[in-house]
Amino acid sequence: MRVLRRTLGTLLLLASVASCATARGDDAKPGGPRPAAPAGFGQLLPAPASVRASGSGHVLGPGTVIRTGRTGDAEVRRVGEILAGQLRGPTGLPLPVVDAPGGGGIELRLDAAAPDLGDEGYRLESGPRAVTLTARTPAGLFHAGQTLRQLLPTAGAGTIPGGTVTDAPRFAYRGAMLDIARHFFTTEQVKRYVDQLAQYKVNALHLHLTDDQGWRIAIDSWPRLAEYGGGSEVGGGPGGYWTKDEYRDLVRYAAERYVEVVPEIDMPGHVNAALASYAELNCDGKAPPRYTGTRVGFSSLCTGIERTYDFVEDVLAEVAALTPGRYLHIGGDEASATPAADYAEFMDRAQQAVARHGKTVVAWHQLAGARPAPGAVLQYWGHDRTGAAEKERVAAAGKAGHPVILSPADRLYLDMKYDAATKPGLSWAGYVPVRRAYEWDPGAYLAGLPAGAVLGVEAPLWTETVATREDLEYMAFPRVLGLAELGWSQGPPDWAEYGPRLATQAPRMEAQGIGYHRAPDVPWQTRR
Ligand code: ACM
């Protein structure tokens with residue numbers, strides 16, 4: 001099946017490039033605008049589970065409508081409206097959304113009985129009369145719509161090729177993390193990232209909301225956390241924080257694009273901003289100054305005083321109340337200023353607080369060295385040089401039933417430099433070129449970790465050196481497309497097939513104003 005899909009994909013890609021090359025030969029004028037990139041099944045990223053090309057495609061025109069609402073379902077209607085909003089700009093068509101099924105055009109159909117499509121899968125059938133998107137869930141319809149976008153040229157109305165795409169993800173969790181603590185980013189900037197990620201079927205946004213350099217989310221019961229502790233960032237800038245309304249608005253925006261927000265309150269280390277805000281949280285009763293450097297591992301909550309647990313309970317209660325999603329991330333990494341026995345006891349109590357508020361714990365994989373609660377999810381961020389014992393602890397936890405999210409630092413850390421010439425970024429885990437970020441198999445990565453224990457993959461972007469939207473996009477793109485492909489498409493990876501397909505995304509990223517890194521290991525097909 002996989003071989004067939006690949007072969008078919010390659011043939012289709014060649015066919016679409018060939019036919020477009022003819023058109024280009026006729027139309028292209030030296031120095032004139034570059035023609036829009038050809039679209040076709042073979043360019044889809046992430047690659048779908050199966051494609052069957054057949055017959056003529058569906059031509060979009062001024063009369064095309066988007067049909068939803070066989071059941072009058074408001075959520076399907078919203079999926080249709082978002083898709084219309086995404087298509088109107090590039091196509092220049094009005095694309096009204098109507099509640100009148102069955103009349104041709106782009107039709108969204110929720111079908112609870114649709115087989116083999118799972119919670120997020122879909123079928124897209126394209127022919128002269130209609131393009132029909134079918135899924136068991138609105139999330140599946142949303143993903144189908146993102147596939148449809150990629151079947152159209154980056155500009156102009158175009159034709160959706162004839163055939164059927166049947167698709168479902170390999171992993172349930174396909175995430176990106178953004179650190180808004182080291183440098184502050186606004187919710188509007190993060191919404192832009194959500195849009196960029198959701199189009200590649202990424203479905204989780206982990207927000208690193210607190211760290212030594214800043215506390216970014218308002219907590220009513222401890223207001224100085226944000227009001228004082230939010231007023232700093234790396235390098236001495238003004239920092240900032242999100243109000244609860246801003247946070248709720250972002251969570252809603254992401255949910256409408258089927259991206260689940262996973263908030264992280266990092267504890268018991270990485271807490272200088274909290275300690276600076278409240279003297280009573282410090283063992284010696286003295287608040288340290290705010291911190292704007294980039295060291296790690298120097299701060300710890302005072303695990304021996306009950307006030308610390310009031311703080312943990314209050315903060316987690318308020319964050320849980322802001323979170324419709326399943327998960328609360330409690331950090332637990334680099335707690336070198338917390339003695340090991342105190343760490344384990346602290347993490348026990350923090351995990352109990354998460355459970356009290358009805359959420360599932362996620363923690364960095366150091367929790368495997370303490371006592372992960374039943375069902376707790378571990379996020380592995382080791383790398384090739386991580387010690388065997390540490391890796392074995394994570395594999396053992398996976399065998400014992402803990403789901404594992406894989407974020408290997410030397411593969412998926414988007415803050416690692418691509419190479420020596422990359423201006424932002426760090427290199428403690430080595431350079432991570434685009435090919436290296438993609439070319440590994442999450443299902444067979446960590447020795448002894450059962451493939452069934454892999455919940456998915458996540459690409460974190462730490463922001464010690466990333467201060468602007470431009471830096472963010474340069475570090476994330478195009479590597480985060482590899483994350484999307486690894487998370488959604490069936491493995492194992494195949495660079496010879498993936499590299500050229502990734503290259504076809506260049507005009508799409510350019511049309512969206514994404515300032516991606518023009519990496520030398522990618523066979524780009526177009527000039528910039
Ligand atoms: C981490 O990079 N400290 C999770």
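Numbering of ligands and ligand atoms starts at 1, following listing order. In this text the structure is predicted, and so the values were computed from the model without any measurement.
Taking the six-membered ring where tryptophan is involved, the planes of Tyr278 and Trp222 are perpendicular, since the angle between them exceeds 60° and thus also 30°. Taking the six-membered ring where the residue is Trp, Tyr173 and Tyr327 present perpendicular rings, their angle passing 60° and hence far from 30°.
When ring centroids are compared, Phe298 and Tyr291 come within the 6.0 Å threshold.
Given atom 2 (O) of ligand 1, the protein heavy atom at minimum distance is Tyr413 OH, 2.6 Å. If you check which protein heavy atom lies closest to atom 3 (N) of ligand 1, you get Asp333 OD2, 2.7 Å.
Between Trp364 and the options His206, His208, His270, a ring pair (Phe, Tyr, Trp, His ring centres under 6.0 Å) holds for only His206.
Every N/O-N/O distance between Trp428 and ligand 1 stays at or above 3.5 Å. Geometrically, ligand 1 and His270 share no nitrogen or oxygen pair separated by less than 3.5 Å. Residue contacts with ligand 1: Trp364 is placed with no nitrogen or oxygen under 3.5 Å of a nitrogen or oxygen of the ligand (distance criterion only).
One finds a salt bridge joining Glu318 and Lys244 here, because a Lys/Arg side-chain nitrogen approaches an Asp/Glu carboxylate oxygen to under 4.0 Å.
Interface of Trp462 with ligand 1, defined as ligand atoms under 4.0 Å from a residue heavy atom, comprises 1 (C), 2 (O), 4 (C).
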